[in-house]
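This one's a predicted model, so the numbers in the text were calculated from it and none came from an experiment.
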Amino acid sequence: MRMKGLVFCRPNSGITHLTIYRNGDDRKGGRRHLKIRALREYEQAVKDKDLSRALGYLREDSSIGKLDWSPIERDWQVLDTCLNADDMRLVGSAYAFLKDKGLLPNFAKYNTIVLEGPRDVTPTVLKSSTGLDVTKLSPKKWGLSGTSSSLLATSFAGVTFLLNQGIDIRPNIAAVLGLAMLDAILLGGSCLSQISSFWPPYKRRICVHEAGHLLVAYLMGCPIRGVILDPIVAMQMGIQGQAGTQFWDEKLENELAEGQLSGTTFDRYCMVLFAGIAAEALIYGEAEGGENDENLFRSISVLLEPPLSVAQMSNQARWSLLQSYNLLKWHKHAHRAAVKAIENGCSLSIVIKKIEEAMSLKK
């Protein structure tokens, strides 16, 4: 993946002072001193969530020399500063730096690979490949399917029982529904999502969904800024209503800026978008989440020249979903590792490290 270079200028860094030592031992002692100082400054930058400083110190550390004072695990921690970074190109530089050091061998491993199979993916082809009907691979509205339908039926039964006992809670229900509507309109459903996130099965499904996005984005070479599971935090960052995985595609951004979009770039973006739905389908046999992913897909489809027709959008969606489904199926061990790490509240660096460890063990 080609990244634009970034230059970090830090006056009085002390690196030029290496030239004043007269023998090898003194020179090594000077490098050791700089190494220790750079390590302390790097740790502080990570603590402050300052990607620019942390990446700058890592690069300076590499220029000082290999003295093995800094455990290799510390380098991964630079990824934990990405979520606060405003410049996505800087996030891309962090991934490129770690890949150049050999820490991310599977990053962008599939960025130019399209799996074999027809481009025309009909519902029949999709079912023959996944064993699932196309209706199982569409996001569901709350209350219409899956666990939400069971909860809705139970709620109705409970209300009926209370009414038969002479307890009328319909005014309370009306008030709750009114608040839910305001939440959906003004806050994008953040409050309802926050409450739902405390229910373990729902929380795990979110982890499965987001791990799908993360793994496919990683394998396709799209730097991940972070995974946000808390709906309130997501809302504060401008992602209304629910959790989300923030990834970046440099080629997509550059091509859109130039007013053109290549087929391979569009395919890669679509695969990452539909990876969450594919992950749910792979683990649960159906998908419930992913409505926002579909909305993003439609919004970029209309930017194409000419715009995709409804039939073309449906086919592209099925093709992308099938590609992601197979990729996740082949790397199910890595997806499982990512789900577990996200579920345990691990930082992004740990999640990525667990993916790499799982991929290496599979070889």
Side-chain angles (χ1 to χ4, degrees), residues 46 49 51 54 76-86 88 90-92 94-95 98 104 106-108 139 188-190 193-194 196-249 268-269 271-280 282-283 287-293 296 324 327-328 331-359:
V46 170
K49 304 297 182 183
L51 174 57
W76 294 82
Q77 295 175 0
V78 71
L79 297 178
D80 296 334
T81 68
C82 290
L83 189 59
N84 287 13
D86 295 324
M88 291 303 293
L90 194 58
V91 174
Y95 280 82
L98 294 180
L104 308 181
N106 291 291
F107 178 66
S190 296
S193 296
Q194 182 71 51
S196 302
S197 65
F198 291 109
W199 191 41
Y202 180 80
K203 182 178 179 181
R204 177 166 178 78
R205 184 178 281 270
I206 290 177
C207 293
V208 168
H209 185 102
E210 298 307 326
H213 283 305
L214 188 150
L215 179 57
V216 172
Y218 184 77
L219 295 176
M220 299 298 288
C222 298
I224 298 102
R225 186 183 178 206
V227 178
I228 307 168
L229 297 181
D230 190 321
I232 300 300
V233 174
M235 182 186 67
Q236 293 172 345
M237 298 188 66
I239 309 172
Q240 286 197 344
Q242 47 199 294
T245 299
Q246 293 194 326
F247 67 97
W248 178 61
D249 191 324
R268 180 173 59 250
Y269 181 73
M271 283 180 62
V272 179
L273 276 185
F274 284 98
I277 296 175
E280 286 192 54
L282 181 64
I283 302 302
E288 290 190 0
E291 185 178 359
N292 277 2
D293 301 328
L296 282 173
S324 294
L327 192 60
L328 290 170
H331 299 290
K332 198 171 183 178
H333 53 292
H335 178 249
R336 220 167 17 237
V339 170
K340 185 176 181 180
I342 293 174
E343 197 173 23
N344 290 336
C346 296
S347 63
L348 178 61
S349 64
I350 298 298
V351 176
I352 298 296
K353 187 177 180 182
K354 293 298 182 183
I355 288 175
E356 285 291 350
E357 288 175 351
M359 299 275 290

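Listed for the Ser324 side chain is a donor-acceptor partner under 3.5 Å among the backbone atoms of Met271. Distance alone, capped at 3.5 Å, places no donor-acceptor pair between the Gln246 side chain and the Gly226 backbone.
Scanning all heavy atoms of the two residues, the minimum distance from Leu51 to Ala94 falls at CD1-CB, 4.0 Å. The heavy-atom pair separating Phe107 from Glu356 by the smallest distance is N-OE2, 3.8 Å. In plain terms, the two heavy atoms of Cys207 and Val339 that are nearest each other are O-CG2, 4.1 Å. Minimum heavy-atom separation, Glu280 to Gly289: OE2-N, 3.2 Å. Here the shortest heavy-atom pairing between Ile277 and Ala287 reads CG2-CB, 3.5 Å. Heavy atoms only, all atoms of each residue included: Ile342 and Leu229 are closest at CG2-CD1, 3.5 Å.
Atom CG of Leu90 and atom CZ of Arg225 lie 11.0 Å apart (nearest 0.5 Å). Leu273 CG to Thr245 OG1: the interatomic distance, rounded to the nearest 0.5 Å, is 11.0 Å. For the atom pair CD (Gln77) and NZ (Lys353), the distance works out to 9.5 Å, reported to the nearest 0.5 Å.
Inter-residue side-chain proximity for Val227 and Val351 is flagged as unmet; no heavy-atom pair is nearer than 4.5 Å. Between Asp293 and Phe274 the shortest side-chain heavy-atom distance does not fall below 4.5 Å. Contact annotation: the side chain of Lys203 never approaches that of Ile206 to less than 4.5 Å [non-hydrogen atoms, C-beta and beyond]. For the pair Val208/His335, a side-chain contact is recorded, criterion being any heavy-atom separation below 4.5 Å from C-beta on.
A search for side chain to side chain contact (heavy atoms under 4.5 Å, CB included) contacts involving Lys49 returns Asp80, Asn84, not counting sequence neighbours. Ala334 is linked by a side chain to side chain contact (heavy atoms under 4.5 Å, CB included) to Leu215, His331, Ile355, Ala358, Met359, counting only residues two or more places apart in sequence or in another chain. Under the ring-ring contact (aromatic ring centres under 6.0 Å, His included) criterion, His209 pairs with His213, not counting sequence neighbours. Residues that satisfy the side chain to side chain contact (heavy atoms under 4.5 Å, CB included) test with Leu79, not counting sequence neighbours, are Cys82, Tyr95, Leu98, Leu348, Ser349, Ile352. Partners of Ala217 by side chain to side chain contact (heavy atoms under 4.5 Å, CB included), not counting sequence neighbours, listed by chain and number: Cys222, Ile224, Phe247, Val272.
Counting only N and O atoms by type, the side chains of Glu288 and Tyr202 include no donor and acceptor under 3.5 Å apart.
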